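So the structure is just underneath, and the comments pick up after that.
Everything numeric in this text was worked out from a predicted model, so none of it was measured. Along the sequence shown, residues carry numbers from 1. Numbering of ligands and ligand atoms starts at 1, following listing order.
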Amino acid sequence: MPNEEWSLADFEIGRFIGDGKFGKVYLAREKESGFVVALKIIYKQKLDKYRFHAYLRREIEIQHSLNHPNVLRLFAWFHDETRIFLVLEYAAGGELYKLLKSLDHFSEKRAATYIASLAKALAYCHDKHVIHRDIKPENLLLDVMGRIKIADFGWAVQSNAKRQTMCGTIDYLAPEMVEKREHDHAVDNWTLGILCYEFLYGVPPFEADDQYDTFRRIIKVDLVFPTSHYVSSEAKDLISHLLVKDSSKRLSLQKILEHPWIVRNADPSGCCNE
Ligand code: AMP
């Protein structure tokens, strides 16, 4: 699957965008078309160190096969002696996590727009039998129109040292995953409930000082809605129907899209530039 037609010589390299555990990301332009992309450069040596090759390959194959407006495109990849290059859609709006931190929490309109977009993206993935299992704000990017993009199909999971407390976090995991029981696509529906809460309150619902407490709160579904600021009862209703321990009773992705809070608040274009 590596696209042998491409090489580094096809790209003009622009500004440095950011660092990941396995390499660096640069803005780049394909010389012939002028098309702007993000070029992720992964050092093979670092992959060797973490015995990551097979894992990376599988995740690249998954992301490459997906084509949805709310899933970051992986257009192509190629490699040389020492590096692997991923030609990615450029998400000019940057990390959702940073926006959330700067705004403290999102408006209901913004939160609903993102949740609806994610529900659509996940429905598309589930149709293709892809379960994400690791959706969290660090894995979400924004494009120039303010549309949300799922940016990471797992392989960078272990590369994330961005949030100290997030390193190996279990905050986004469904009860069946933390309890190491069998799980299916419904883990992603649970995570949408966690994200919806975090978008509206600024912190994930089961956050605790140590992982054991988070674990305990997740398996008890110890859900508390703070009174620090107003959040509509419709939003809380949606969250409560996603954070359900019995995975078969969680709201389906289709039902999320039909939920009154989503219908009332989500921008159908998926764009959010309030
Ligand atoms: P990563 O290696 O995925 O952790 O990415 C390192 C940095 O580059 C992070 O700050 C990301 O937000 C940024 N980044 C990664 N991919 C893209 C992309 N496709 N568009 C824009 N920024 C990106």
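- For E258, the side chain to side chain donor-acceptor pair (under 3.5 Å) partners two or more places apart in sequence, or in a different chain, are Q254.
- Applying the salt bridge (charged side-chain N to carboxylate O under 4.0 Å, His left out) test to D143 and every residue at least two apart in sequence or in another chain returns R147, K149.
- Panel note: side chain R250, backbone V244; a donor-acceptor pair is recorded below 3.5 Å.
- For A91, a nitrogen or oxygen atom sits less than 3.5 Å from a nitrogen or oxygen atom of ligand 1, counting backbone and side chain alike.
- Around NZ of K236, the count of heavy atoms belonging to other residues, nucleotides or ligands within 6.0 Å exceeds 12.
- The part of L141 lying near ligand 1 is the side chain, judged by heavy-atom distances below 4.0 Å.
- Remark: the backbone N or O of I219 is paired with a side-chain donor or acceptor of K245 at under 3.5 angstrom.
- Side-chain contact check for L96 versus F199: some heavy-atom pair is nearer than 4.5 Å.
- Of the heavy atoms in K24, none comes closer than 4.0 Å to ligand 1.
- Considering backbone and side-chain N/O atoms, K98 never comes within less than 3.5 Å of an N/O atom of ligand 1.
- Here's the thing with Y90: none of its N/O atoms is less than 3.5 angstrom from an N/O atom of ligand 1.
- Within ligand 1, the atoms closer than 4.0 Å to a non-hydrogen atom of A38 are 18 (C), 19 (N), 20 (N), numbered from 1 in the order shown.
- Taking each of E138, E95, E89 in turn, the one with a heavy atom nearest to atom 9 (C) of ligand 1 proves to be E95.
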